Participant: 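Here you go, one structure.
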Amino acid sequence: MMATINGKDIRKLIVACDAGMGSSVMLASTLRKQLGKNGVTVEHSPVNSIPADADLVVCHSGLAARARSVAPDKPIVPFQIFLGDPAVTKVVKAIQQGTDLNV
């Protein structure tokens, strides 16, 4: 299912992970630096407890199905690699430029 969310509407972004792996913590930290001036809160969360107030969830593609089952009403952006993935770059650009993001 394709949905669209505008970057301006993203106030809370969750980096969901499996077991608190260091790589997702690094990604959350990187996103926090990139998006801080856009007023976006970036939090790191286990995939099984995605917060109800999340506007957007990014997670490794291997966790996307579980993230969708835990938070079926949230837009989920799956990615392949933790740093420099094009899917994550698109999220950052959409937030910084206030453009639409297809998820």
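Only a predicted model underlies this, so the values are computations on that prediction, with no experimental measurement involved.
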Participant: Between Pro78 and Arg68, is there a side-chain heavy-atom distance shorter than 4.5 Å?
Facilitator: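 SC-SC contact between Arg68 and Pro78 confirmed.
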Participant: Looking only at side chains, do Thr4 and Asp100 share a donor and an acceptor under 3.5 Å apart?
Facilitator: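 Side chains of Thr4 and Asp100: no pair found under 3.5 Å.
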Participant: For the pair Gln97 (side chain) and Gly7 (backbone), establish whether a donor and an acceptor sit closer than 3.5 Å, ignoring hydrogens and angles.
Facilitator: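 Checking the backbone N and O of Gly7 against the side chain of Gln97, no donor-acceptor pair under 3.5 Å is found.
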Participant: Which pair of non-hydrogen atoms, one from Ala16 and one from Val57, has the smallest distance, and what is that distance?
Facilitator: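 Distance-wise, the nearest heavy atoms are CB-CG1, 3.9 Å.
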Participant: Honestly curious: do Leu35 and Val77 fall in one hydrophobic cluster under the side-chain, below-4.5 Å linking rule?
Facilitator: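 Linked, Leu35 and Val77 end up in one cluster.
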Participant: Could you state whether Val15 and Val92 fall into the same hydrophobic cluster, counting links through intermediate Ile, Leu, Val, Met, Phe, Trp or Tyr residues with side-chain heavy atoms under 4.5 angstrom apart?
Facilitator: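 The answer is yes; both residues are in one hydrophobic cluster.
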Participant: Count I, L, V, M, F, W, Y as connected when their side-chain heavy atoms are under 4.5 Å apart, and connections chain through other members. Are Ile10 and Val103 then in the same cluster?
Facilitator: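 Ile10 and Val103: one cluster.
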Participant: Can you see which heavy atom on Glu43 is nearest to which on Pro51, and at what distance?
Facilitator: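 Answer, listing the atom of Glu43 first, then Pro51: OE1-CG, 4.4 Å.
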Participant: Minimum heavy-atom separation for Leu27 to Leu83, with atom names?
Facilitator: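 Looking at all heavy atoms of both residues, the closest pair is CA-CD2, 4.4 Å.
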Participant: Report yes or no: do Ser24 and His44 form a side-chain donor-acceptor pair below 3.5 Å?
Facilitator: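 There is such a pair (donor and acceptor under 3.5 Å, judged by atom type) between the side chains of Ser24 and His44.
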Participant: Evaluate the side-chain contact (heavy atoms from CB on, under 4.5 Å) criterion for residues Lys74 and Leu56: first the C-alpha distance (whole Å), next the side-chain angles of each, then the deciding distance (0.1 Å), finally the verdict.
Facilitator: CA-CA 6 Å; Lys74 304 291 177 204; Leu56 183 72; over 6 Å; no
Participant: Going by the rule side chain to side chain contact (heavy atoms under 4.5 Å, CB included), which residues pair with Ala67 if we only count those two or more places apart in sequence or in a different chain?
Facilitator: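 Once residues adjacent in sequence are excluded, the partners of Ala67 under the side chain to side chain contact (heavy atoms under 4.5 Å, CB included) criterion are Val47, Ile50, Cys59, Ile76.
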Participant: To the closest 0.5 Å, what do you measure between OG1 (Thr41) and CG (Leu31)?
Facilitator: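 Interatomic distance, Thr41 OG1 to Leu31 CG, rounded to 0.5 Å: 12.5 Å.
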Participant: Going by the rule side chain to side chain contact (heavy atoms under 4.5 Å, CB included), which residues pair with Asp9 if we only count those two or more places apart in sequence or in a different chain?
Facilitator: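 Partners of Asp9 under the side chain to side chain contact (heavy atoms under 4.5 Å, CB included) test: Ile5, Asn6.
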Participant: Any donor and acceptor pair, going by atom type alone, linking the side chain of Asp55 with main-chain N or O of Lys12 inside 3.5 Å?
Facilitator: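 Yes; judged by distance alone, with no hydrogens or angles, the pair exists.
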Participant: So which heavy atom on Gly98 is nearest to which on Lys8, and how close?
Facilitator: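 Taking Gly98 first and Lys8 second, the nearest heavy atoms are O-NZ, 3.4 Å.
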Participant: Output all residues satisfying side chain to side chain contact (heavy atoms under 4.5 Å, CB included) with Thr89, sequence neighbours left out; order by chain, then residue number.
Facilitator: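 If we apply the side chain to side chain contact (heavy atoms under 4.5 Å, CB included) test to Thr89, skipping adjacent residues, the hits are Lys93.
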Participant: Fit a plane to each ring of His60 and Phe82, take the angle between them on a 0 to 90° scale, and name the class: parallel (under 30°), tilted (30 to 60°) or perpendicular (over 60°).
Facilitator: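 Correct class here is parallel.
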Participant: In Å and rounded to the nearest 0.5 Å, what is the CZ to CG distance from Arg11 to Asn38?
Facilitator: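 Between atom CZ of Arg11 and atom CG of Asn38 there are 8.0 Å.
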Participant: Can you give me the closest heavy-atom contact between Asp85 and Gln80, atom names plus distance?
Facilitator: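 For Asp85 versus Gln80, the nearest heavy atoms are OD2-N, 2.7 Å.
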Participant: For Asp18, is there an ion pair with Arg66 - N to carboxylate O distance below 4.0 angstrom?
Facilitator: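 Result for this pair is yes, salt bridge flagged.
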